[in-house]
Amino acid sequence: MQTGAITPYIDVAQLVLYAFWIFFFGLVFYLQRESKREGYPLVTGHKGERLEGFPLLPTPKTFILPDGTTKSVPWNEPIEVINARASAPWDGAPIIPLGNPMLDGIGPASYTQRSTHPELMPEGEVRIAPLRVATDHWVAAEDPDPRGAPVICCDGVIGGTVVDIWIDRADQMPLWLEASVASDPARRVMFPIALCRVIANNNPFDNAWVSFGSIVSGSRGTAGLPRSASGVSVKLASVTAAQFAIAPPIAMPDIITPREEDRLMAYFASGHLYATPQRSEPLL
């Protein structure tokens, strides 16, 4: 027999190859099971049905999160009941909203059930906060300050007045604008700054968009005080004034959670399809 042969039909190279095959199969099997820690068991269109597929779900594993809380996955997420009906009797058929799809979270208004606890900075501060709380930040002098400016919605009606700017302390950039509703000044509405334009009417380019994104941090001085919003307006093209007034509220006045962020972003973004009947129709 040749070197390395164990029998006339089996040698060391064969055993190494078989061992590799077994190891590789075990690795793929393990990774496939681990990939099912999020999103499984699957929910189908049939009431109460959940699918695990092959291989079966892994045993639950508990993770310790940075804030000290724990999270075990996989877990049976509660099945959400949507206010819509299927347009046809087969699986995968488009759904037709039965109520207000923007508030019901349907289609482009859908959002992820993220954490109900605010994100924190490494020092323990809340990451996203209004300037009235993050007093060591202010709008750069070269940018228009929208506080006090009217919010003009897609129907040309003023939906409210901006009262504050919410910033991301980690990235030092504005994320949200807070406004008092025109029809109910006591009610506050948060809307994403990424979906609006801050317009300076005294800009030499008529109706031109003025970039608004510079947030300065440091010792608060006169530069940190709100400037007059004279000549400044905020245009929000995604919703009407009536839809602006009924936007989902946040639970706490100075704190916004990731779940609330997702829901608000979905609400205002979905207005590009749902705000008016014409937007839901084909272009041609």
Side-chain angles (χ1 to χ4, degrees), residues 83 97 99-116 118-119 126-134 137 139 143-169 173-199 209 212-213 215 226-227 229 232-276 279:
N83 188 25
N100 185 340
M102 297 174 65
L103 289 174
D104 293 336
I106 295 176
S110 59
Y111 58 97
T112 304
Q113 298 289 348
R114 296 177 65 196
S115 172
T116 56
E119 293 183 280
V126 176
R127 176 172 175 174
I128 300 174
L131 288 183
R132 62 177 176 267
V133 174
H137 294 71
V139 180
D143 281 339
D145 192 330
R147 285 173 288 186
V151 180
I152 305 174
C153 299
C154 68
D155 53 358
V157 178
I158 295 177
T161 303
V162 177
V163 296
D164 212 340
I165 306 165
W166 289 57
I167 65 166
D168 184 334
R169 281 173 160 145
M173 62 180 293
L175 292 183
W176 301 89
L177 293 179
E178 180 182 357
S180 61
V181 177
S183 58
D184 182 8
R187 189 175 190 276
R188 300 295 176 89
V189 167
M190 299 276 293
F191 60 102
I193 196 170
L195 293 180
C196 65
R197 289 182 174 184
V198 178
I199 304 293
W209 175 65
F212 172 65
I215 291 291
R227 299 190 297 276
V232 179
S233 62
V234 176
K235 291 192 175 181
L236 183 63
S238 59
V239 298
T240 64
Q243 293 162 342
F244 182 84
I246 61 172
I250 58 176
M252 293 170 282
D254 295 331
I255 293 177
I256 187 169
T257 67
R259 183 176 299 188
E260 290 171 336
E261 284 191 89
D262 268 21
R263 186 181 186 190
L264 282 166
M265 182 63 76
Y267 177 85
F268 284 100
S270 68
H272 288 285
L273 178 67
Y274 292 140
T276 63
R279 291 183 178 182

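Just so it is clear, the values below take in all heavy atoms, side chains as well, and ignore hydrogens, waters and symmetry mates. The structure displayed is predicted, hence computed values, not measured ones.
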Are the side chains of Pro108 and His272 in touch, meaning some heavy atoms are under 4.5 Å apart?
no
Interatomic spacing from CD1 in Ile128 to CD1 in Ile167 - rounded to 0.5 Å
10.0 Å
With a 4.5 Å cut-off on side-chain heavy atoms, are Val133 and Ile255 touching?
no
Closest approach of Ala275 and Val239, non-hydrogen atoms and distance?
CB-CA, 4.2 Å
Interatomic distance, Trp176 atom CH2 to Cys196 atom SG [nearest 0.5 angstrom]:
10.5 Å
Within the structure provided, determine whether Pro97 and Asn83 are in side-chain contact (heavy-atom separation under 4.5 Å).
no
Under the side chain to side chain contact (heavy atoms under 4.5 Å, CB included) test, residues paired with Val163 that sit two or more places apart
Glu178, Ser180, Arg188
Are Leu131 and Val139 close enough, and set up right, to give a side-chain contact (heavy atoms from CB on, under 4.5 Å), and what steps lead you there?
CA-CA 9 Å; Leu131 288 183; Val139 180; 4.3 Å; yes
Quick check for you: to the nearest 0.5 Å, what is the distance between Ser270 atom OG and Asp104 atom CG?
10.5 Å
Using the side chain to side chain contact (heavy atoms under 4.5 Å, CB included) criterion, which residues pair with Ala269? Sequence neighbours excluded.
Leu195
Report the distance from atom CD1 of Ile246 to atom CG of Asn100, rounding to the nearest 0.5 Å.
5.5 Å
Please answer whether the main-chain N or O of Val126 pairs with a side-chain N or O of Arg169 as donor and acceptor at a distance below 3.5 Å.
yes
Under the 3.5 angstrom rule, does the side chain of Arg197 hit a backbone N or O of Leu236 as a donor-acceptor pair?
no
Nearest non-hydrogen partners of Ile152 and Ser233, listed with the distance
CD1-CB, 4.1 Å
Which heavy atom in Val181 sits nearest to a heavy atom in Ala245, and how many Å separate them?
CG1-CB, 3.6 Å
Val162 vs Val151, test: side-chain contact (heavy atoms from CB on, under 4.5 Å). Steps then yes/no.
CA-CA 7 Å; Val162 177; Val151 180; 3.7 Å; yes
Could you check if a side-chain atom of Val234 sits within less than 4.5 angstrom of a side-chain atom of Leu177, using non-hydrogen atoms only?
yes
Atom OH of Tyr111 and atom CZ of Arg259: how far apart are they, to the nearest 0.5 Å?
7.5 Å
Does a side-chain heavy-atom distance below 4.5 Å link Trp166 with Met190?
yes
So, the side chain of Arg132 versus the backbone of Asp164: is there a donor-acceptor pair under 3.5 Å, distance only?
no
Leu264 and Pro192, any side-chain heavy atoms less than 4.5 Å apart
no
Looking only at heavy atoms, the pair that brings Val198 and Pro144 closest together is CG1-CG, 3.7 Å
Between Phe268 and Phe191, how do the two ring planes meet: parallel, tilted or perpendicular, split at 30° and 60°?
tilted
Any donor-acceptor N/O pair, Tyr267 side chain to Gln243 backbone, under 3.5 Å
yes
Ignoring hydrogens and angles, tell me if any N or O in the side chain of Arg279 forms a donor-acceptor pair with the backbone of Ser238 under 3.5 Å.
yes
Heavy atoms of Leu103 and Arg263 approach each other most closely as O-NH2, 3.3 Å
Output yes when a side-chain donor or acceptor of Ser110 lies under 3.5 Å from a complementary backbone atom of Ile106, and no otherwise.
no
Apply salt bridge (Lys or Arg N to Asp or Glu O under 4.0 Å) to Arg127 and list each qualifying residue two or more places apart in sequence or on a separate chain.
Asp168, Asp171
Looking only at heavy atoms, what is the nearest atom pair of Arg114 and Asp262, with distance?
CD-OD2, 3.0 Å
Separation between CZ of Arg147 and CD1 of Ile165, rounded to the nearest 0.5 Å
4.5 Å
